[in-house]
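Throughout, numbering of the chain's residues begins at 1 and tracks the sequence.
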Amino acid sequence: MGLSSIDVVQQVLFGIFLLIYMFTVVGNILIIIIVTVESKLCSPMYFFLRNLSLTEIFYISVTVPRMLKDLLDHDKCISFIECATQLYFFCFLGTTECFTLAIMAYDRYVAICSPLLYTSIMTRTLCLRFVIGTFLSAILLSIGQITFVFRLSFCGPNVINHFFCDISPVLNLACTDVSLAELLDFILGMIVNLVPLSVIIFTYVCIIWSVLKISNTAGQKKALSTCVSHLTVVGIFFSTTFFIYARPKKMSQFDGNKYVSIFYSILIPLLNPIIYCLRNTEVKQSMRKLLRLCY
């Protein structure tokens, strides 16, 4: 069904979301280039930031290009296989982002709470293991979610009240008992959201405790300044995903749900390059250096 059925509104939305998509892709590619070519940005924190930016590019590309096509096309039909594929990659990349944000929190925890041991703990091997483990975990959890959802019987009406194939709107179309699928979706949703968030909360409690031990205010501000960007993204991302996915029952056909989905599926990938570029002095300096070289 998309976000609107009015032609003029759809055209306006097309222009807005096209600009958002282009800015998101360009911004995240710019972060990847800066972190890759700038030698002083070779720490684990920027290694994980580069992986987060790469995830964001694919994450927004799962939904927005198809949505842009639907905004200009009166035929908004999507096949069963296409719907399942879109939902799988959306779950996979969303799960990857959750775990990546938790790993970035752990990196800040080691950097602030054990600065003298940082290089010996956060080795390149450990960072690669974190990234590989994140992808493998996301693949397995997403397969579990999709398998139970698409084993159900769908006999119509086949109208998805959303702008992409998300779990709850798809469950609303099932004409068989969905209680087991709902339970599994709730359990996996809690694992994907609650486990990384618990890690993030624990690490930041430890970080705050360590920062409070610093005697001078300048040192406290310097330590916390490295966490502001990450905390901002975490706050926006998890607050919206919990609203949508941390529910034991499928959601009703409520239009507000798909508008909330815009925040974590479209706006978060847009905000990441903005937040990390504006709040991070090293990234801003490297960006200026790169622009001077280009011109």
Is the SG-SG separation for the cysteine pair Cys113 and Cys206 below 2.5 Å?
no

Please give me the minimum heavy-atom distance between Leu87 and Cys165, naming the atom from each residue.
CD1-O, 3.2 Å

If we only count heavy atoms from C-beta on, is the Gln86 to Phe164 side-chain gap below 4.5 Å?
yes

Test log, rule side-chain contact (heavy atoms from CB on, under 4.5 Å), inputs Thr134 and Phe48
CA-CA 11 Å; Thr134 293; Phe48 296 130; over 6 Å; no

Between the main-chain N or O of Leu117 and the side-chain N or O of Ser120, is there a donor-acceptor pair closer than 3.5 Å?
yes

Can you check whether Tyr59 and Phe90 have ring centres sitting under 6.0 Å from each other?
yes

Aromatic plane relationship, Phe89 with Phe92 - under 30° parallel, 30 to 60° tilted, over 60° perpendicular
perpendicular

Just so I know, are the side chains of Met190 and Leu194 near enough to count as touching, which here means a heavy-atom distance under 4.5 Å?
yes

Does some side-chain heavy atom of Ile266 sit less than 4.5 Å from a side-chain heavy atom of Phe163?
yes

Under 3.5 Å, sequence neighbours excluded: what are the donor-acceptor pairs made by side chains of residues 12-28?
| from | atom 1 | to | atom 2 | distance (Å) |
| --- | --- | --- | --- | --- |
| Tyr21 | OH | Ser61 | OG | 2.9 |
| Thr24 | OG1 | Ile20 | O | 2.6 |
| Asn28 | OD1 | Ser53 | OG | 3.4 |
| Asn28 | ND2 | Thr24 | O | 2.9 |
| Asn28 | ND2 | Pro269 | O | 3.3 |

Would you mind reporting whether Val233 and Leu271 have side-chain heavy atoms less than 4.5 Å apart?
no

Heavy-atom side-chain proximity of Asn272 to Phe237 below 4.5 angstrom:
no

Are there over 12 heavy-atom neighbours, none belonging to Phe47, within less than 6.0 Å of that residue's CZ?
yes

